[in-house]
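I have placed the structure first, in the form of structure tokens, so that the comments after it can refer back to it.
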Number of protein chains: 2
Amino acid sequence: MPTIDDIARIAQVSPATVSKVVNNRPYVSAETRARVERVIAETGFVPSQRARGLSRKRSSILGLIIPYTSDQLFLDPHLLELMRGIEAVANEHDYNLLLSTAREAVDAASACVRMLRSDMIDGAIIVETNDVQPFAAALAAESSPWVVVGYAQQSATPAVHADDYGGALQATRHLLRLGHRRIGVISSVWRPFAIEERERGIRDALSEAGVALDQDLMALGDFSIESGGHAGRALLEGGSPPTAIFALNDRMALGLIRAAADHGLRVPDDLSVVGFDDISLATLLTPALTTVSQPGFALGTAAASALFQLLDGAPLAPPAALPTDLIVRGSTGQPRDL
Amino acid sequence: MPTIDDIARIAQVSPATVSKVVNNRPYVSAETRARVERVIAETGFVPSQRARGLSRKRSSILGLIIPYTSDQLFLDPHLLELMRGIEAVANEHDYNLLLSTAREAVDAASACVRMLRSDMIDGAIIVETNDVQPFAAALAAESSPWVVVGYAQQSATPAVHADDYGGALQATRHLLRLGHRRIGVISSVWRPFAIEERERGIRDALSEAGVALDQDLMALGDFSIESGGHAGRALLEGGSPPTAIFALNDRMALGLIRAAADHGLRVPDDLSVVGFDDISLATLLTPALTTVSQPGFALGTAAASALFQLLDGAPLAPPAALPTDLIVRGSTGQPRDL
DNA sequence: CTGAAAGCGCTTACAG
DNA sequence: CTGAAAGCGCTTACAG
């Protein structure tokens, strides 16, 4: 691999001049520029990113930190939409994405901090797949800018998130309006703040209608299809089963529908089901899934744009909440006993 | 951010000694080591990866090159399984993954080459999501080692792939054994070599049974659910529709099943459907999808392991083919007229 | 066991 | 417009 000195020697100029040509800077005569460019083309010279990064103090790499504790999280189509959005904006800015997915919660914290502190990346997007509180403090002390896709619980943290509260509120009101009173919830053992917000939306909608959230109607999954099935079975086999179940992501809702079928229950006649995310497979089942759509791609572009603004020295924008939307399809209907 | 010189000054040793401590090298007295380690802990020093990379001539970063032309590809659960496998092995070796997903075919080539030629990464895994031939030659000239997840058409290219031919052969034989003779195929407009192999498996199985592949029974999609629906409709609305359709990935198969339902056809009574991949959602539909399982995670670990062997200077291993497996579920049965 | 010095391959003022 | 020199923050022989 040729270096800038090789190019300089061959083109009979100084390395400084080659540098100017490579970086499209002025004060190089047209003739010299042409000569250098020819040599670069002939040799296939590509500047060393390491050396360039060392002297320029930036790497053109963005960290994408996904502190997942579950493989299931990584397979969630919503997370992928998010990544696509981030990637699209990074591409525009000629940045690459460095993936960091620490396994254990403790490791996650130190891996995040290490990545931010090492100069591998110029900034990071941290996906709040779990409770990020444990290392938020550590992150706050770091010099590299970072943006959370999730909730900023320290006001000085730039963050973008979907309107989880509003989405859950709408979905629960929808079930109440249909006449459901025994409404089950499949929530999550992982506790990103988005889950708290969704639960809060459910509670508020229920209390508007004078309905209390029955703890017996609350089950937990891990966002996987299978866990939705397990949680669903637990709820359906309880003393007085619910007439509707709100699963806090679509994959668990799909597992739940499967479990309901195994129990001989038809959706929506015997059981209404609502999900959250609106993944592309939500429309494939019969009946198609009623769900809350989440703007995954837009969340990704918003987070990445915010990070680039930060890198450009712009002041910290207030946390942005992108709208969610209830999509009513066939999996919800009136309860049987109406 | 403290540098190695800061640490050296505070601990009253030379930078060389700090370097030894940081890299766990011998020839440092226990006392000195302890002192340096204390200073490192107190300051939160993390060595500059840029500087380290520059002098060590390696970056501890692996490139993951996914030259997709379609957003749909990136959403494919099979691709994700692959990424998980790669990521798992990279993690073990303390490597991070640098994502590169070039959009246009031309860009893809130059982006791949640039990434391999720049010293950003120590090696790369290239996912053959499309025909990689156009830039295989350019890649072959590069010094960084790389492994293809797909087919090595130049013998000197290390590659791992699933036994696409065998899987398609099995699946087609299964349909033939059930009595199908008019077998439709939903193939792909993108032409990774895996698709050629699957088509070859189909042709060979058919010709074993003395059946020719009717071009009217061949439709193309782009791996998306929607395209499976379109292609399916085209096949079902043709002159003499097939009694079975083999979609070359699961997502298209799911779209096809949906389209069949819209046509008033029941699966498998009126139409048998086979997919390829065995994504987790394949079991959710009623009936569950008969499909060819592909070892996505294992392909990822195999590719990454091969790359690390190459980095360790091991000789080039012959291309590895991992077994695929026909999983018979409810979406296939005897044709109506038997 | 410890440290001075050169080197990795760029960029950036600065002088000419 | 051009180039000499210092510097980015490490590591690596090498000498002591």
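Throughout, protein chains are lettered first and strands after them, A, B, ... in sequence-line order, and every chain is numbered starting at 1.
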*So, the side chain of A:T301 versus the backbone of A:A298: is there a donor-acceptor pair under 3.5 Å, distance only?*
yes
_Base partner of C:dA13, which must satisfy Watson-Crick or wobble distances under 3.5 Å_ = none
*Within this structure, what is the CZ-to-C1' distance between B:R58 and C:dG9, rounded to whole angstrom?*
18 Å
_Whole-Å distance separating the CZ atom of B:R9 from the P atom of D:dG9_ = 12 Å
*CD1 of B:I4 versus P of C:dA4: gap in Å, rounded?*
14 Å
*asked:* Heavy atoms only, 4.0 Å cut-off, all strands: where does A:V13 land among base, sugar-phosphate and nothing?
replied: sugar-phosphate
*Between D:dT2 and A:T32, is there an OP1 or OP2 to side-chain N/O distance shorter than 4.0 Å?*
yes
_Check the phosphate of C:dG9 against A:S48, side-chain N and O only, distance under 4.0 Å to OP1 or OP2. Yes or no?_
no
*Taking the side chain of A:R56 as its heavy atoms from C-beta onward, which of D:dG9, C:dT11, D:dT12 lies nearest to it?*
C:dT11
*Quick one: does A:S59's side chain have a donor or acceptor within less than 3.5 Å of a partner on A:M120's backbone?*
yes
_Minimum-distance nucleotide to B:K57 side chain [options: D:dC10, D:dC1, C:dG9]_ = C:dG9
*asked:* Please classify the nucleic acid contact of B:K20 as base, sugar-phosphate, or nothing, using heavy-atom distances under 4.0 Å.
replied: base
*asked:* Whether the side chain of A:S48 engages the backbone of B:D119 through a donor-acceptor N/O pair (distance < 3.5 Å, no angle test) should be reported.
replied: no
*Quickly work out the B:R35 CZ to C:dC1 P distance and round it to whole Å.*
14 Å
*Select base, sugar-phosphate, or nothing to describe what A:D119 touches, counting heavy atoms under 4.0 Å on all strands.*
nothing
*Between C:dG9, D:dC10, D:dT11, which one does the side chain of B:A51 approach most closely?*
D:dC10
*Would you mind reading off the distance between A:D5 atom CG and C:dT11 atom P, rounded to a whole angstrom?*
11 Å
*Roughly how far apart are A:D6 CG and A:T3 OG1, rounded to 0.5 Å?*
3.5 Å
*asked:* With a cut-off of less than 4.0 Å, is there a side-chain N or O of B:S19 near OP1 or OP2 of D:dT11?
replied: yes
*Watson-Crick or G-U wobble mate for D:dA4, both contacts under 3.5 Å*: none
_Of the options C:dT2, D:dT12, D:dC10, whose atoms approach the side-chain atoms of B:Y27 most closely?_
C:dT2
*Is A:R35 reaching over with its side chain to a backbone N or O of A:A11, donor-acceptor style, under 3.5 angstrom?*
yes
*Starting from P on C:dT11, measure out to CZ on A:R52 and report it in whole angstrom.*
5 Å
*Which of the following nucleotides, C:dC8, D:dC10, C:dG3, is nearest to the side chain of B:A16?*
C:dG3
*Which residue, A:T17 or B:P47, contacts DNA chain D at a nucleotide closer to its 5' end, judged by nearest heavy atom?*
A:T17
*In terms of the nearest nucleotide of DNA chain C, which residue is placed more toward the 5' end: B:Q12 or A:V18?*
B:Q12
*asked:* Taking the minimum atom-to-atom distance to the side chain of A:S29, which one of D:dC8, D:dC10, D:dT2 wins?
replied: D:dT2
*Between B:N96 and B:I61, is there a donor-acceptor pair closer than 3.5 Å when you use the side chain of the first and the backbone of the second?*
no
*If you look at every strand shown and take non-hydrogen atoms under 4.0 Å, does A:R33 touch a base, only sugar-phosphate, or nothing?*
nothing
*Of all the choices, D:dT2, C:dT11, C:dT12, which nucleotide is nearest to the side chain of A:R25 once you look at every atom?*
C:dT12
*Rounded to the nearest angstrom, tell me the gap between atom CZ in B:R50 and atom P in C:dT11.*
13 Å
*Just how far, in rounded Å, is C1' of C:dT2 from CD of B:E31?*
13 Å
